[in-house]
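Everything below concerns the one structure shown next.
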Protein chains: 2
Amino acid sequence: MTSLRARQKEDRRKRIVASAKTLFRKSGYDRTTIEAIAESAGVSGVTVHNYYGTKAGVLLALVIENDALLLRRLDESLPRDETDLIALTVCFARVVMDHATSHLEKAIWRQVLAAVTAESETPLGRAYAKLDRQLAYVLVNRIEALQRDGHLPARVDPVHLGMALFHLQNARFVQFVSAEGLRPDEIETRLRNDLTALFAVCSR
Amino acid sequence: MTSLRARQKEDRRKRIVASAKTLFRKSGYDRTTIEAIAESAGVSGVTVHNYYGTKAGVLLALVIENDALLLRRLDESLPRDETDLIALTVCFARVVMDHATSHLEKAIWRQVLAAVTAESETPLGRAYAKLDRQLAYVLVNRIEALQRDGHLPARVDPVHLGMALFHLQNARFVQFVSAEGLRPDEIETRLRNDLTALFAVCSR
DNA sequence: GTAAAAATTTTTATTCAATAAAATTTTTGC
DNA sequence: GCAAAAATTTTATTGAATAAAAATTTTTAC
């Protein structure tokens with residue numbers, strides 16, 4: 001039983017986020033005012049603030065919505081028969097980059113990453129962190145499968161390995177959006193170099 | 001031959017940054033206004049903007065100044081006789097965390113990290129990126145020494161390895177400042193787990 | 001040493017994000 | 001339908017950011 005009030009709220013949320021996405025893509029983040037988003041969504045500017053706290057909050061909400069999609073897409077896009085850990089991680093990174101660029105420009109992703117750090121202790125920040133963890137677990141699950149099939153030594157902890165690889169991939173993603181001219185291919189090479197060097201250590 | 005004008009400019013810069021550091025530490029980032037920094041430094045608010053562009057710019061300038069110190073401190077603090085790569089990286093991470101917390105609170109570091117991403121294409125953002133690269137090279141140099149002394153296989157590329165380890169360490173640093181309650185010991189454990197898992201892969 | 005010029009800061013004004021309190025509208029429960 | 005509750009809008013304020021004009025100071029040239 002959803003009350004009228006709850007439905008209206010949900011409706012406004014949807015309109016605000018949809019308006020924001022359109023405007024951010026059309027005019028960029030800085031040149032889009034909260035008032036413009038509010039007007040386009042048919043609410044007052046203060047309501048947008050009441051709903052999302054900050055302009056960055058609206059952006060984060062929008063990204064979280066899209067990332068639910070990425071989560072499914074990732075699982076589909078990673079080939080089930082891939083046995084090479086490096087190839088798997090690189091593929092993961094590429095799907096993330098493709099998804100990102102197909103939705104928003106790099107300049108806006110920089111705002112997203114900035115907001116995530118600045119607002120890490122707020123509800124929306126936590127929601128993003130949770131999604132990030134789910135993203136990491138897509139990789140962890142694949143690594144567990146790899147280990148089950150004997151493509152990885154039994155001594156490696158798949159959760160730790162998955163997290164480490166995710167962090168590394170994420171660091172390269174940050175680099176990707178931080179430099180306008182950097183192409184996915186170049187990032188792929190760097191990530192490959194990272195992994196090759198690490199796996200070549202083989203100490204003790 | 002430094003002109004009077006150049007000296008005065010340098011002097012104002014110093015006063016602005018010093019005032020900002022004092023005020024940020026005393027009242028936090030958000031509760032410190034540019035006007036307050038300006039007044040304490042004996043200049044107008046607009047001058048602060050002219051010098052650093054944004055409030056975050058002032059913060060970044062301040063951090064860059066401190067990081068020059070970190071660079072030296074890091075090189076001193078890393079034991080020369082350390083032959084274990086994991087121990088070396090963990091030690092590196094700890095020095096960075098100690099340095100960070102001794103200068104500014106986590107909440108302010110979150111603002112720093114946010115500003116770095118948001119302003120990656122501005123001069124101050126680039127200056128920070130350059131310092132980051134120098135920090136990474138402290139690690140790279142140590143790894144090269146390790147390899148020279150036969151503690152690392154000849155097949156590993158020390159630059160790639162150093163960069164990868166730096167990124168991993170950095171990802172954990174971001175986590176460190178993003179969660180108020182997270183202690184350096186816990187981060188150290190996580191980083192150790194990352195490295196242990198990666199080095200255990202040993203594929204092909 | 002002084003007057004013109006060049007450079008730099010300050011003043012002034014405007015836009016917009018963020019926040020708070022009061023006023024208004026809408027929904028809900030009876 | 002009507003009173004109470006909940007939510008939105010209006011109104012107002014602070015502070016960051018930016019731009020243009022005005023004022024000041026340093027430099028340069030004589």
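In what follows, chains are A, B, ... by sequence order, proteins preceding strands, each numbered from 1.
- B/Q8 has its CD atom 15 Å from the C1' atom of C/dT10, to the nearest Å.
- Residue contacts shown for A/R31 are absent, as no nucleic acid heavy atom lies under 4.0 Å away.
- Distances were taken from every side-chain heavy atom of B/V43 (C-beta onward) to each of C/dT10, D/dT9, C/dT26; the shortest belongs to C/dT10.
- Remark: B/R13 qualifies as a cation-pi partner of B/Y52 under the 6.0 Å distance and 45° angle criteria applied to the six-membered ring.
- The OH atom of B/Y52 sits 17 Å away from the P atom of D/dA16 (whole-angstrom rounding).
- In summary, A/D185 and A/R190 do not engage in a salt bridge, as defined by a charged side-chain N under 4.0 Å from a carboxylate O.
- B/R110 has a carboxylate O that lies under 4.0 Å from a charged side-chain N of B/E180, or vice versa, which qualifies the two as a salt bridge.
- Partner A/I108 forms a side chain to side chain contact (heavy atoms under 4.5 Å, CB included) with one of A/L62, A/L59, A/D30 and no other, that one being A/L59.
- In this structure, the OH atom of B/Y51 is 12 Å from the C1' atom of C/dT10, given to the nearest Å.
- We find that NZ of B/K9 is positioned 17 Å from P of C/dA6, with the value rounded to whole Å.
- In this structure the side chain of A/L85 reaches within 4.5 angstrom of the side chain of A/L165, judged on heavy atoms.
- Inter-residue side-chain proximity for B/E121 and B/R126 is flagged as met; some heavy-atom pair is nearer than 4.5 Å.
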- Message: How would you summarise protein contacts on nucleotides 14-25 of chain C per nucleotide, using B for base, S for sugar-phosphate only and - for none, with heavy-atom distances below 4.0 Å?
- Response: --SSBBB-----

